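The chain is numbered in sequence order, starting from 1. Just so you know, these numbers come straight off a predicted model, no measurement behind them. Numbering of ligands and ligand atoms starts at 1, following listing order.
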Amino acid sequence: MKIKPTKTTAVSPANIAFIKFWGKKDPKINLPYNNSISMNLSNCRTTSTVEFISSLTEDEVVINSKRVDENVSARVSVFLDIIRQWSGVKTKARVCSVNNFPSDAGIASSASAFSALALAGSRAAGLNLSLKKLSILARMGSGSACRSLVDGFGEWWKGTNFDNSYAVQLAKPSYWDLVDVVAVVSADKKKSSSTEGHGVAETSPYFTKRVANLPKRISALKKAFKSRDFDEFGRLIEEEAIDLHVMAMTSHPPIFYLTSGTFAVIEKLKELREKNIKGFFTMDAGPNVHVICRAKDAQTINRTLKKLACVKFTIVNKPCRGTRSTDKHLF
Ligand code: PMV
């Protein structure tokens, strides 16, 4: 359905994957090998304003008040081209985005960025897309972005083609009082992007085994989620995180996302567990540790981790709603 093209702003959360998207079956359309499962993060958000402007001769992309480099600009333009193709809008766009958390440090800034851009860009071009179509569009920008559209907990159905690979809601934000305390051990731009990781994933000798094993792990995780069995849920997300990093480290060339800081946090979590304060780790394509715990333990875990020399700062997140539009424009 068409609406009037107009300047539009969207706010979208990043998400943390409990079951990871790793390796692309079809890189041209970001088709994954497996389903993935995630939770939206209330305190890791991107706000993005888009306007198609007839006087522009090229797309203008500003992120966190800086004009982006050519690579980022090209990636955004390719994404905007899909919107132009779907809507028939021919003009270039001004895009302005701000993150309230460090970009490129393994806190999935591409997920919040492309989900915000999917909603803001499509509405700015006069498209009123369904949640499913928005998820498909966001997937084209960055696979994991397709999961940020839905509220709370999401599952990305891997699908088999362009139209049937998208995310659906697994549960509302209020379903489970989980908290993600992100222990940021480095806020620097990471050396290897997730795109590079996906590109070499299949070269790991363990990759085929991972893909074959995943349906079993996914159904076990869903069972633990359904019964809110936190110990089993935690065991499975740690197993999955380790799996991802084994893939990365055994790829050609190998990629090391984890650092000594990552392991110091993991050690501390083990100590806390001995005192029955339970936090379980998961890491995306970066060194920072997402500690998943119950709300009752979040404060203690946060306070304890902040005291570690390797932890620069923490970000405490609850499950939250997905991408929304707002009238608070950035320009
Ligand atoms: O969406 P991408 O292409 O940046 O890949 C995300 C990869 C991981 O964050 C490591 C896993 C995931 O499913 O979010």
When you compare the side chain of V168 with that of W157, does any pair of heavy atoms fall below 4.5 Å?
yes
Per-atom contacts of ligand 1 with [X], taking only distances under 4.0 Å to non-hydrogen atoms:
X    : answer
G143 : 1 (O)
H198 : 2 (P), 3 (O), 5 (O), 6 (C), 7 (C)
A17  : 12 (C), 13 (O), 14 (O)
A285 : 10 (C)

Sub-3.5 Å donor-acceptor pair from the side chain of N99 to the main-chain atoms of T46, do we have one?
no
With the threshold set at under 4.0 angstrom, would you say S110 reaches ligand 1 through any of its heavy atoms?
yes
Within this structure, what is the CG-OG1 distance for the pair D327 and T9, rounded to the nearest 0.5 Å?
8.5 Å
Using a plain distance cutoff, I'd like to know if [X] has any nitrogen or oxygen under 3.5 Å from a nitrogen or oxygen of ligand 1.
X    : value
S142 : yes
F21  : yes
N15  : no
R147 : yes

Carboxylate-amine/guanidinium proximity below 4.0 Å for K172 and D151
no
Hey, are R217 and E240 close enough for a salt bridge, meaning a charged N less than 4.0 Å from a carboxylate O?
yes
On the ring face of Y175, is R228 found with NZ or CZ under 6.0 Å from the centre and within 45° of the axis?
yes
Cation-aromatic face contact R139/F162, 6.0 Å, 45 degrees:
yes
Only heavy atoms count here, so choose which of S194, S193, C146 is nearest to atom 4 (O) of ligand 1.
S194
Out of S36, A14, S144, G23, whose heavy atom sits nearest atom 6 (C) of ligand 1?
S144
Heavy atoms from other residues, nucleotides or ligands near CZ of F331 exceed 12 (cutoff 6.0 Å)
yes
